[in-house]
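Everything quoted here is computed from the prediction, not taken from an experiment. Order of listing sets the numbers, starting from 1, for every ligand and every atom in it.
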Amino acid sequence: MSFIDTLPKAELHVHLEGTLEPEQMFQLAARNGVGLPWDSAEALRAEFTFTGLEHFLRLYTEGCRVLCTRQDFYDLAAAYLRRSAAEGVLRAEVFFAPQNFLDRDIPVTEQFGGVLDAIDDARADTGIDGAMLVIAQRHRTEAAALELLEAVRPFRDRILGVGLGSAERGNPPSKFARFFTAARAEGYRLTCHAGEEGPPSYIREALDVCGVERIDHGYAATQDPDLVTRLADDGVPLTMCPLSNLRLQVTSDLSTYPLADLMKAGVLVTVNSDDPPYFGGYVNDNYAALERHLGLGNAELAALARNSFAGSFGDRSAVDRGLTAVDDHEPPAEVTAGAGWR
Ligand code: ADE
Ligand code: ZN
């Protein structure tokens with residue numbers, strides 16, 4: 001057990017469909033009679049080198065075809081939450097994108113019923129505090145995103161917020177201005193993928209045109225020093241995903257990953273997994289990659305964990321519980337002994 005393994009943390013940027021492990025994909029494919037274009041889980045894993053976001057999204061969308069029934073959505077969410085609870089995740093704000101499934105006429109009641117049951121059971125079993133953020137896919141029209149808001153209305157009380165995902169280039173946040181206005185009017189918390197492959201201007205649009213509270217990725221912010229100052233001054237959280245950025249060729253080398261500079265500039269940066277099996281690691285692997293490549297020490301890792309609660313959409317008491325848990329966190333015994341921790 002390392003310091004990171006037991007560090008209490010929140011995960012704020014993970015796509016539920018992107019937590020589908022290859023073995024589980026094959027199991028669900030067999031259960032549902034869905035054909036897959038790979039011979040085995042190993043053959044699928046061998047495909048996990050991507051030229052960029054759209055290459056990844058093609059494979060990810062193919063994988064989504066095995067998710068058909070309420071039980072499938074339950075099993076997927078249950079596996080992610082169980083694993084995350086074991087990684088010290090106290091709170092998980094999980095993205096879910098219903099449009100792929102609505103295309104296949106899978107009712108929202110099947111989709112949300114399964115995910116929400118898993119969230120409730122995981123809370124009872126492990127104490128993990130799970131919540132859902134609904135993603136609209138930006139390669140589709142804004143009208144489709146507005147239809148999605150209608151489609152998920154029966155679950156309004158169980159949906160924490162909405163965001164925008166999928167292919168970023170050529171699909172700026174401003175394309176979804178009315179979607180975000182409508183979502184705000186319904187009381188949803190607002191977040192948006194921006195500056196993953198897109199330019200810093202997409203981050204500005206997300207804030208200025210769409211009025212979002214949080215930026216998913218925000219990697220491109222460092223190209224615009226005034227924007228960095230603004231993010232820091234306004235306390236806008238960035239949900240960064242280092243292993244995702246590496247696998248999707250957003251960054252070529254984690255030893256120059258901008259998270260350390262953003263932290264020093266006072267930006268509320270957080271560490272997350274995005275689509276863990278596809279990118280080679282869950283949330284603790286992402287913390288560990290930064291520890292290794294950026295030389296972060298325990299104080300910085302704990303600061304990132306504090307940020308994860310401070311940047312969450314939890315209510316004041318949930319945030320305070322998380323912050324207190326980080327502050328009370330003791331390094332595990334073997335770290336104390338082995339590494340001469342004082
Ligand atoms: N959907 C799943 N993963 C994504 C990512 N990294 N960027 C945008 N949309 C996504
Ligand atoms: Zn994402």
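- If you look at F56 next to ligand 1, the close heavy atoms, those under 4.0 Å, all belong to the side chain.
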message = Determine whether D72 and T69 satisfy the following criterion, side chain to side chain donor-acceptor pair (under 3.5 Å), listing intermediate values before the conclusion.
response = CA-CA 5 Å; D72 300 340; T69 66; 3.2 Å; yes
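- In the vicinity of H217, heavy-atom distances shorter than 4.0 Å reach the ligand 1 atoms 6 (N).
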Verdict with reasoning, S317 to D320, per side chain to side chain donor-acceptor pair (under 3.5 Å) = CA-CA 5 Å; S317 67; D320 286 344; over 6 Å; no
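- With the Zn ion (ligand 2) as the vertex, NE2 of H15 and NE2 of H193 span 100° to the nearest 10°.
- Inclusion of H217 in the first shell of the Zn ion (ligand 2) is not supported: no N, O or S atom falls under 2.8 Å.
- For atom 8 (C) of ligand 1, the candidate residues are G163, G18, A194, S166; the nearest heavy-atom contact is made by S166.
- Remark: the backbone N or O of L164 is paired with a side-chain donor or acceptor of H193 at under 3.5 angstrom.
- From the protein, the heavy atom lying nearest to atom 4 (C) of ligand 1 is H15 NE2, 3.5 Å.
- Close approach to H193 involves these atoms of ligand 1, each under 4.0 Å from a residue heavy atom: 7 (N), 8 (C).
- Closest to atom 6 (N) of ligand 1, if we only count protein heavy atoms, is D274 OD2, 2.7 Å.
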message = Between D216 and T239, does the side chain to side chain donor-acceptor pair (under 3.5 Å) criterion hold? Intermediate values first, please.
response = CA-CA 5 Å; D216 299 310; T239 64; 2.7 Å; yes
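- Between the Zn ion (ligand 2) and C241 there is no N/O/S contact shorter than 2.8 Å.
- Because its NZ or CZ atom is not both nearer than 6.0 Å to the ring centre of F112 and within 45° of the ring axis, R158 does not count as a cation-pi partner of that residue.
- Residue contacts with ligand 1 for E168 are absent, since no atom lies close enough (heavy atoms, distance under 4.0 Å).
- Listed by number with element, the atoms of ligand 1 under 4.0 angstrom from any heavy atom of G165 are 9 (N).
- A salt bridge does not link E147 to R140: none of the charged side-chain nitrogens sits closer than 4.0 Å to a carboxylate oxygen.
- In terms of modelled atom types and a separation under 3.5 Å, the side chain of E168 and the main chain of E197 share a donor-acceptor contact.
- Salt-bridge check for E42 with R45: failed, with every basic side-chain N at 4.0 Å or more from each acidic carboxylate O.
- Of all the atoms in ligand 1, the ones that sit under 4.0 Å from a non-hydrogen atom of E196 are 5 (C), 6 (N), 7 (N), 8 (C).
- Counting atoms of ligand 1 from 1 in the listed order, those under 4.0 Å from a heavy atom of L53 are 5 (C), 6 (N), 7 (N), 8 (C).
- Between the side chain of K9 and the backbone N or O of S308 there is no donor-acceptor pair closer than 3.5 Å.
- Distance check for E196 against the Zn ion (ligand 2): none of its N/O/S atoms falls below 2.8 Å.
- R169 and E54 are not joined by a salt bridge, as no carboxylate oxygen comes within less than 4.0 angstrom of a charged side-chain nitrogen.
- If you look at D274 and ask which of its N, O or S atoms sits nearest the Zn ion (ligand 2), the answer is OD1.
- Note that CZ of F56 and OG1 of T49 are 13.0 Å apart. Values are rounded to the nearest 0.5 Å.
- The residue E17 has no part lying near ligand 1, judged by heavy-atom distances below 4.0 Å.
- Against a heavy-atom cut-off of under 4.0 Å, D275 is close to the following atoms of ligand 1: 2 (C), 3 (N), 4 (C), 6 (N).
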